[in-house]
Amino acid sequence: MEIEKRFAQELANSALVRADATGEQLGAAARAINGLGLQKACSRDGLDLMRAIDMNSTLLQGVGWVEGDEIRCSSFGGDRRFPMGKFDFRSSRSSVYRTNVTLLDPKTAYVAVQTGAAVGIIHKDLALSFVDKAPGLGVAVFSWSRRTPIINRGAVPPELIKTKFTGSTVFRSGGRTVAVVRSPRYDTGAIAILPPGEMSSRIGRAALVLLPLALLIGLGLSALLVHVLRSMGSLPAMIRAALKRGEFHLVYQPLIELTSGRTVGVEALLRWDRGKAVAIGPDEFIPAAEESGDISLITARVFDLVAEDARRIRRLAPDMHFAINVSAADLHRPEIVEDVIQLAQRSGMPFSSLTFEVTERRLVDVERARDTVQRLRAEGVQLAIDDFGIGYSSLAYLAQLEIDFVKIDKLFVQALGTESATSQVAVRIIEMAKDLNLEIIGEGVETQQQGEILKSLGVGYAQGYFFGRPMPLEALLQRLRSERVL
Ligand code: C2E
Ligand code: CA
Ligand code: CA
């Protein structure tokens, strides 16, 4: 019972966090666009600005200028007009909602939120896409004052939204567990509904089942970004241009052995130098490159950069371990074995100093990857599952890939020592990894306490801001020099 309530609350909260972030982007977009005024909005400059706003608003599918019930011009359609139909309701903050608008593609329905003459377009259920992995669950974001759903996923009976609650609450209704949270900032609320008995039976089952649940507690934001970025279209072109211009470099985050406190390895993390342009982090450009099929170009560049930097690092610390993030698609490509051999030759490092991190979220096709993985392992390269706990790997899947390490996702590490349900899940995940004889790395350690709890749970390695942020090569060398003196 207790855990069901917490779970429902976390689910509603996740939905509201997204909704609030969307509200924030809508507000910023509306201020900028309304500032243009009628004359300028649909001019070339106006459209350029709208496109820039669109690009920088990760949660909005597009923005535009409205006249009457029609989009007069927009970031996605230029001068093309789109009739939207009459609005459905007006929020208490005088935004006007249309909850079923089709634009370029007649099959896709959007929510259009209009403030003044500016309109922001939101994908109807993308924001809640993290819910569909658990059948029987319902989640909705609704207008608090109107009690009207704006976006929903799964079954959300309207009468539950209409229940007379005055603030955030959890209650039971006909065996269902219902959690409601109210936005402190916007006229919105989120509701999550768990079907009767569903959770208790799930929790009773093996740890296998806990993993998908854990995903729900966590954020599916990267999936969302992939989708949004795909619809933007131009990011892959920007990435290819950046590769040509050599705009990528690596930063290194120390990996600590918990028993000794020593830096025994580094994880290479990619950075895009965009000068004065808006920063784009790997959480955005990596999924975009994966989607567009350019990830192998990025991985090849990362190998080159590691090869360059590793010589200097190894001069100070010959045993240093290097962890490189690779994508599922990389492991589907047999040529990667050649690339690894070259990397080892150029950097002088033995294969056993190399770990590949594959994230659990972007599933590797085990059949396609098996030969490549076996050859890599035969060379001595180690394999780690990244973001462990928030994906869907079954134990059978892990066994097939012959993993050496799991990296417990920071979502779980950061829950340690708190009262949350997630913290209990974290402990279970660690126990499970130990049962499987896997080495464990806790990532995202931000406090001494988290590090100590990990150590007491028998976790061997840790990474996180507490031990060291991702740092440029020079800073890493400096750190290694001072560690050597100690
Ligand atoms: P990841 O592999 O899970 O990397 C860990 C991310 O967590 C990094 O973000 C790191 O800066 C951040 N982090 C580390 N310690 C802490 C902490 O204590 N607290 C918090 N809140 N965060 C911490 P970053 O560098 O933005 O990378 C994001 C993701 O992008 C990576 O997640 C990885 O999946 C991907 N990525 C980065 N570089 C590459 C690359 O070269 N190739 C590929 N394929 N993916 C990459
Ligand atoms: Ca990683
Ligand atoms: Ca991770």
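The figures that follow rest on heavy atoms only: side chains count, while hydrogens, waters and symmetry mates do not.
Between Tyr97 and the choices Phe87, Phe142, Phe89, the ring pair (Phe, Tyr, Trp, His ring centres under 6.0 Å) rule is met once, by Phe89. Of the residues Val119, Asp79, Val66, the one that meets the side chain to side chain contact (heavy atoms under 4.5 Å, CB included) test with Arg72 is Asp79.
Residues Asp69 and Arg98 are paired through a salt bridge, judged by an N-O separation under 4.0 Å between the basic side chain and the carboxylate.
Side-chain atoms of Leu26 and Thr115, non-hydrogen and from C-beta on, never get closer than 4.5 Å to each other. Under the 4.5 Å side-chain criterion, counting only non-hydrogen atoms from C-beta, Leu60 is not in contact with Asp54. Residues Met238 and Phe285 have side chains not in contact (no heavy-atom distance under 4.5 Å, counting atoms from C-beta outward). No side-chain heavy atom of Glu267 sits less than 4.5 Å from a side-chain heavy atom of Leu255. Under the 4.5 Å side-chain criterion, counting only non-hydrogen atoms from C-beta, Glu443 is in contact with Asp409. Between Ile408 and Val459, the closest side-chain pair of non-hydrogen atoms is not below 4.5 Å. In this structure, the side chains of Leu103 and Ile71 come closer than 4.5 Å at one or more pairs of heavy atoms. Side chains of Asn325 and Ile286 form no contact here, defined as non-hydrogen atoms less than 4.5 Å apart.
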Between Leu16 and Tyr186, is a side chain to side chain contact (heavy atoms under 4.5 Å, CB included) present by the stated rule, with each step listed?
CA-CA 10 Å; Leu16 197 65; Tyr186 299 99; over 6 Å; no
Kindly indicate, with the supporting measurements, whether the criterion ring-ring contact (aromatic ring centres under 6.0 Å, His included) is fulfilled by Tyr110 and Phe76.
CA-CA 13 Å; Tyr110 295 95; Phe76 48 90; 7.8 Å; no
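Minimum heavy-atom separation, Val63 to Met50: CG2-O, 3.4 Å. The two residues Ala118 and Ala30 make their nearest non-hydrogen contact at CB-CA, 3.7 Å. Here the shortest heavy-atom pairing between Gly62 and Ser75 reads CA-OG, 3.5 Å.
Atom CG in Leu49 sits 7.0 Å away from atom CD1 in Ile33 (nearest 0.5 Å). Separating the CD atom in Gln61 from the CD1 atom in Ile122 is a distance of 9.0 Å, to the nearest 0.5 Å.
Remark: Glu24 pairs with Arg185 by the salt bridge (charged side-chain N to carboxylate O under 4.0 Å, His left out) rule, at least two apart or across chains. Listed by chain and residue number, nothing satisfies the salt bridge (charged side-chain N to carboxylate O under 4.0 Å, His left out) test with Arg469 (two or more places apart in sequence, or in another chain).
Side chain to side chain, Thr148 and Ser143 fail the donor-acceptor criterion of an N or O pair below 3.5 Å. Between the side chains of Gln448 and Glu452, at least one donor N or O lies within less than 3.5 Å of an accepting N or O.
Listed by first and then second residue, the disulfide (SG to SG under 2.5 Å) pairs involving residues 74-124 amount to none (not counting sequence neighbours). Note on residues 425-444: no pairs pass ring-ring contact (aromatic ring centres under 6.0 Å, His included), not counting sequence neighbours. Pairs of residues two or more places apart, or lying in two chains, that qualify as salt bridge (Lys or Arg N to Asp or Glu O under 4.0 Å) and include a residue from residues 35-49 are Asp48-Arg51.
Side-chain N or O atoms of Lys410 include none that pairs as donor or acceptor with a backbone N or O of Gly464 at under 3.5 Å.
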Show every donor-acceptor pair shorter than 3.5 Å between a side-chain atom in residues 154-164 and any protein atom, with sequence neighbours excluded, or say none if there are none.
unit_1: Lys162; atom_1: NZ; unit_2: Arg147; atom_2: O; d: 3.1
unit_1: Thr163; atom_1: OG1; unit_2: Glu159; atom_2: O; d: 3.2
unit_1: Thr163; atom_1: OG1; unit_2: Leu160; atom_2: O; d: 2.7

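Between Tyr461 and Phe405, the angle of the ring planes goes over 60°, which puts this pair in the perpendicular group of the 30/60° scheme.
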